[in-house]
2 protein chains.
Amino acid sequence: MQNQSNNMTIDPVNILKEHSLKHTKQRIRVLEEIALDTVAISQPELEKKLGKEIDRVTLYRILNIYEDKGILHRIMDMNGTANYAICSSSCSEDHHHDEHVHFNCTNCTKIYCLDVVLPQIKMPQGFTAATMHTTAYGICEKCSVMVSK
Amino acid sequence: MQNQSNNMTIDPVNILKEHSLKHTKQRIRVLEEIALDTVAISQPELEKKLGKEIDRVTLYRILNIYEDKGILHRIMDMNGTANYAICSSSCSEDHHHDEHVHFNCTNCTKIYCLDVVLPQIKMPQGFTAATMHTTAYGICEKCSVMVSK
DNA sequence: ATATAAATGCAATAGTATTGCATTTATGAT
DNA sequence: ATCATAAATGCAATACTATTGCATTTATAT
Ligand SMILES: [Mn+2]
Ligand SMILES: [Mn+2]
Ligand SMILES: [Zn+2]
Ligand SMILES: [Zn+2]
């Protein structure tokens, strides 16, 4: 198991407390939903699942505040849609530390957070990189099994 | 000069011929505009510059066909908006070969194509990567000069 | 229990991108 | 040079993603 496993001990209420956020049922539901799967989930998917319980705008606001606070990190896919995954515990309001590689399956479109850190890359003279984002595109574990059948 | 320099010998009509595309004034204008600068240009910027001469929809269609044909490559920025740059000469309809690193300035938002190739990264068991996209975020050459003044 | 600030829901609006169809244009054949 | 044809364009409509303003509801501290 090389890709990041889901944190089974995720406790939405506690996360909200730690970041001094009011714990509303909407905020708790979003965290519950995202914690369900090990792969990142897109805003459209979240809206499909939660749209009956939570207003679109509220969902956007919750996702934004979770990103700001370092609770979730956002991964853009090839189509420019936002995907979200739980941050590593070291992320804070000031700075994210999610410098792992992502894998975007071109078959099922799922985005995996891999336990692979990016090697240091030397920037040209004058360019100062603060963060790097790397996404690999290809066929994921599950899809390659399906194809081979 | 570490970042990729603009190809001064760019000839829109010839590029269209090479890809057996009809050479319309709209298609030529798009190539001319993108060839003007060494940094990638976003769809909104292109629309601002060409919106009077070219219909929005036509612009989208031209950008899509240029990407399909391997004439341009598309780089998504943090906000999910498309940016375009001329492809290396080895790109074709079947496959892009633009595996260089991009630099997205968080100050001026410009996206640079760097002459930096991505080191090979080992994927976890079961995951097969066909392509990799890497973007560094930070302060670019020009902006760091400005800040230091 | 109550006051207060914050979060939510709803309507409106903005930004990005695609589809359908009538009209125009580029290109090859005559 | 003219014409026929398929392709490209422009325009209207539509879809999808995201944000803003404001009235109402809710969480939390007192
Ligand atoms: Mn991740
Ligand atoms: Mn590039
Ligand atoms: Zn897959
Ligand atoms: Zn800059």
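Each chain gets a letter, A, B and so on, in the order its sequence line appears, and its residues count up from 1.
- Residue pairs meeting the salt bridge (charged side-chain N to carboxylate O under 4.0 Å, His left out) criterion with at least one partner in residues 22-36 of chain B, sequence neighbours excluded, are Arg29(B)-Glu32(B), Arg29(B)-Glu33(B), Arg29(B)-Glu53(B), Glu33(B)-Lys49(B).
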Could you write nucleotides 6-18 of chain D as a row of B, S and -, 5' to 3', where a protein heavy atom under 4.0 Å of any base atom gives B, of only sugar-phosphate atoms gives S, and otherwise -? BSSBBBB----BB

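- At whole-Å resolution of the value, NE2 in His19(A) and C1' in dT28(D) are 19 Å apart.
- Residue pairs meeting the salt bridge (charged side-chain N to carboxylate O under 4.0 Å, His left out) criterion with at least one partner in residues 129-139 of chain B, sequence neighbours excluded, do not occur; the list is empty.
- Met78(B) belongs to a hydrophobic cluster whose other members, connected by ILVMFWY side-chain contacts under 4.5 Å either directly or through intermediates, are Tyr137(B).
- Here His23(B) does not reach the OP1 or OP2 of dT25(C): none of its side-chain N or O atoms lies under 4.0 Å away.
- Residues meeting the side chain to side chain donor-acceptor pair (under 3.5 Å) test with Thr81(A), sequence neighbours left out: Asp77(A).
- Regarding Asp68(B), its CG atom lies at a distance of 15 Å from the C1' atom of dA17(C), rounded to whole Å.
- Side-chain contacts under 4.5 Å among hydrophobic residues (ILVMFWY), followed directly or transitively, place Val57(A) with no other residue at all.
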